[in-house]
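Below: the structure, in structure tokens.
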Amino acid sequence: MPMDPSSAMLSQALLLLQCIILTLGQYDICKSLVSTDDGPTWEYYACQPKPMSMKEYMQIRVEPPDITCGNPPERFCTLENPYLCSDECDASTKELAHPPELMQDRERNGLITYWQTVTWSRYPEPLLVNISLSWNKSLELTDDIQITFEYGRPTIMVLDKSLNYGRTWQPYQYYADDCMDAFGMLPKRVQDLSATNVTRVICTEQYSRWVGSKNEKNVRFEVRDRFAIFAGTKLQNMDNLYTRMESMKGLRDFFTFTNLRLRLQRPALGGTYVQRDNLLKYFYAISNIDIPARCKCNLHAGQCSLRDGTLQCDCEHNTTGQDCSACERGFKAKSWKPGSYLPTPNGSPNICEASGTSDKCNCNQLGSLHARCNDTGFCQCREGTTGQKCEDCMPGYTWKQGCVPNVCDDELLLCQNGGSCIQNQKCVCPPNFRGVLCEQPRCQGEKGCDGASACYLSTLTLLLCLLANSLLKASA
Ligand SMILES: *[C@@H]1O[C@H](CO)[C@@H](O)[C@H](O)[C@H]1NC(C)=O
Ligand SMILES: *[C@@H]1O[C@H](CO)[C@@H](O)[C@H](O)[C@H]1NC(C)=O
Ligand SMILES: *[C@@H]1O[C@H](CO)[C@@H](O)[C@H](O)[C@H]1NC(C)=O
Ligand SMILES: *[C@@H]1O[C@H](CO)[C@@H](O)[C@H](O)[C@H]1NC(C)=O
Ligand SMILES: *[C@@H]1O[C@H](CO)[C@@H](O)[C@H](O)[C@H]1NC(C)=O
Ligand SMILES: [Ca+2]
């Protein structure tokens with residue numbers, strides 16, 4: 001077929017566009033015009049927003065509220081020179097105040113600004129602080145979380161995460177100068193993890209030992225090292241990482257969160273013991289919290305922007321919602337699916353398809369508020385229910401005579417520590433863990449508790465079970 005000059009130009013332009021797309025990062029573009037025998041048509045790809053510095057968007061809450069120093073004004077010392085206590089924290093003077101927002105400010109002119117707590121004057125009562133970071137948006141970590149402590153890193157700390165806007169929490173990583181002593185856990189390093197246990201929650205001693213407060217200020221949650229297990233040390237093989245993200249249950253969700261929480265449980269000591277005669281040198285101070293992450297848009301958006309004070313995906317592929325986790329009205333011919341990283345390099349967009357005109361309405365009685373549809377012909381669904389007839393459950397819900405919220409699942413609410421999820425309603429925990437998601441060691445902090453009793457108990461339970469079973473059989 002002869003080409004007229006204008007369509008030849010168009011083809012060239014399209015070719016150029018294709019080249020540009022190929023040189024962009026992976027999954028940056030949701031669609032492009034391509035030339036085909038039938039003329040230019042849209043081609044759609046799986047796409048995700050670029051990583052951003054999420055500290056700009058985070059809400060910080062510090063608890064207890066009166067833990068920030070300076071009200072009343074207080075002097076403090078440093079661990080390096082505990083007898084030189086000339087510094088003062090005073091909330092009423094801008095130069096001497098250390099409010100929480102100094103953990104997320106942009107430090108200009110090289111001046112380090114930091115949030116600081118009161119000193120440990122109430123020793124031996126523990127100095128406990130929770131710092132909650134929230135975004136009201138599902139995010140995916142793309143690089144290491146880095147928390148910078150001035151005046152020494154905590155000797156005991158827990159990083160928690162929530163996947164449901166703070167309704168439930170799970171530990172993400174434990175930090176201590178002695179993991180066994182603080183949490184009854186063996187110390188591990190991320191370098192000890194392999195492809196089979198990369199999502200294991202570990203306790204690390206790497207960031208809590210005393211090395212001098214100026215020498216090493218950062219505490220990390222290692223994302224890069226975990227990615228490197230699949231993508232190589234220089235992250236040169238991202239295709240392999242993305243393939244694993246798709247095939248390995250729980251891997252993507254391991255890096256997903258809506259909230260983070262730091263539980264500071266014991267400050268830097270500068271040595272082995274707490275010196276009771278100089279408690280003014282013990283406190284926490286954080287100058288910066290870096291959270292490199294991208295909006296989770298289920299591979300249906302290439303951009304994420306701030307709207308009404310909240311980050312929202314700019315959904316493509318006829319999807320909608322804050323995370324693009326539903327099909328737009330009129331595009332519900334098939335049920336919604338997230339985009340897929342596979343096949344590489346462009347993935348599958350899994351776009352929502354236009355639905356035909358809706359007719360007959362025969363709303364599902366368990367899923368809908370009323371058996372009949374409303375004036376404009378739609379079934380009105382109960383909470384957690386979706387679909388034209390309210391016959392489907394939204395993500396996070398399971399059908400059980402209507403949709404009920406999941407207690408656990410394979411996506412966001414993973415049972416921890418080897419527990420298994422039964423019908424999305426209950427985690428069955430291994431003997432030495434408990435909690436809704438098996439997130440708590442059964443013997444945390446208790447003396448003389450070494451797992452033997454838990455083992456004994458589970459053997460006993462097993463025996464009782466066998467006994468009960470045989471009795472039942474006998475009576476039948
Ligand atoms: C921190 O959060 C934990 C878990 O919700 C809670 O048990 C603890 O009391 C909180 N601590 C402070 C100091 O608010
Ligand atoms: C959180 O985001 C949702 C969805 O954008 C919005 O409706 C809600 O108002 C936000 N909540 C807060 C506290 O900002
Ligand atoms: C993870 O698995 C590797 C071998 O596959 C093992 O050497 C390592 O100890 C495991 N790490 C943890 C934390 O269980
Ligand atoms: C939604 O679908 C319509 C029809 O297929 C298409 O014209 C439109 O570009 C799509 N919208 C998005 C945001 O992809
Ligand atoms: C009917 O239900 C749909 C879907 O819930 C809703 O968007 C629409 O506003 C409702 N119409 C009337 C008249 O209530
Ligand atoms: Ca700062």
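We're numbering straight along the sequence, starting at 1. Counting starts at 1 for both ligands and their atoms, in listed order.
A salt bridge is absent between Arg224 and Asp144; no separation between the charged side-chain nitrogens and carboxylate oxygens falls under 4.0 Å. Salt-bridge check for Asp323 with Lys296: failed, with every basic side-chain N at 4.0 Å or more from each acidic carboxylate O. Checked for salt-bridge contact, Asp143 and Arg220 miss the test: no charged N lies under 4.0 Å from a carboxylate O. Under the 4.0 Å criterion applied to side-chain N and carboxylate O atoms, Asp160 and Arg263 are assigned as salt-bridge partners. Electrostatic pairing of Arg61 and Glu63 counts as a salt bridge here, judged by a charged N lying under 4.0 Å from a carboxylate O.
Counting only distance, with no hydrogens or angles, the side chain of Tyr151 and the backbone of Lys214 share no donor-acceptor pair below 3.5 Å.
Because its NZ or CZ atom is not both nearer than 6.0 Å to the ring centre of Tyr284 and within 45° of the ring axis, Arg153 does not count as a cation-pi partner of that residue.
Here the CE atom belonging to Met185 is positioned 13.0 Å from the CG atom belonging to Asp178, to the nearest 0.5 angstrom.
Environment of CZ in Arg382: crowded, with over 12 heavy atoms of neighbouring residues, nucleotides or ligands closer than 6.0 Å.
Residues satisfying the salt bridge (Lys or Arg N to Asp or Glu O under 4.0 Å) criterion with Arg106, sequence neighbours excluded, are Glu56. In terms of the side-chain hydrogen bond (donor to acceptor under 3.5 Å, both in side chains) criterion, Lys94 has no residue partners (sequence neighbours excluded).
Residue-ligand proximity, Pro64 to ligand 1, at heavy-atom distances under 4.0 Å covers atoms 13 (C). For ligand 1, the atoms closer than 4.0 angstrom to any heavy atom of Leu128 are 13 (C).
Distances under 3.0 Å from the Ca ion (ligand 6) pick out the protein N/O/S atoms Leu102 O, Asp105 OD1, Glu107 OE2, Thr113 O, Thr113 OG1, Ser287 O.
The shortest N or O to N or O distance between Glu63 and ligand 1 is not below 3.5 Å. Inclusion of Arg261 in the set of residues having an N or O under 3.5 Å from an N or O of ligand 1 is warranted.
Among protein residues, Asn136, Thr310, Gln312, Gln322 come within 4.0 Å of ligand 2, judged on heavy atoms.
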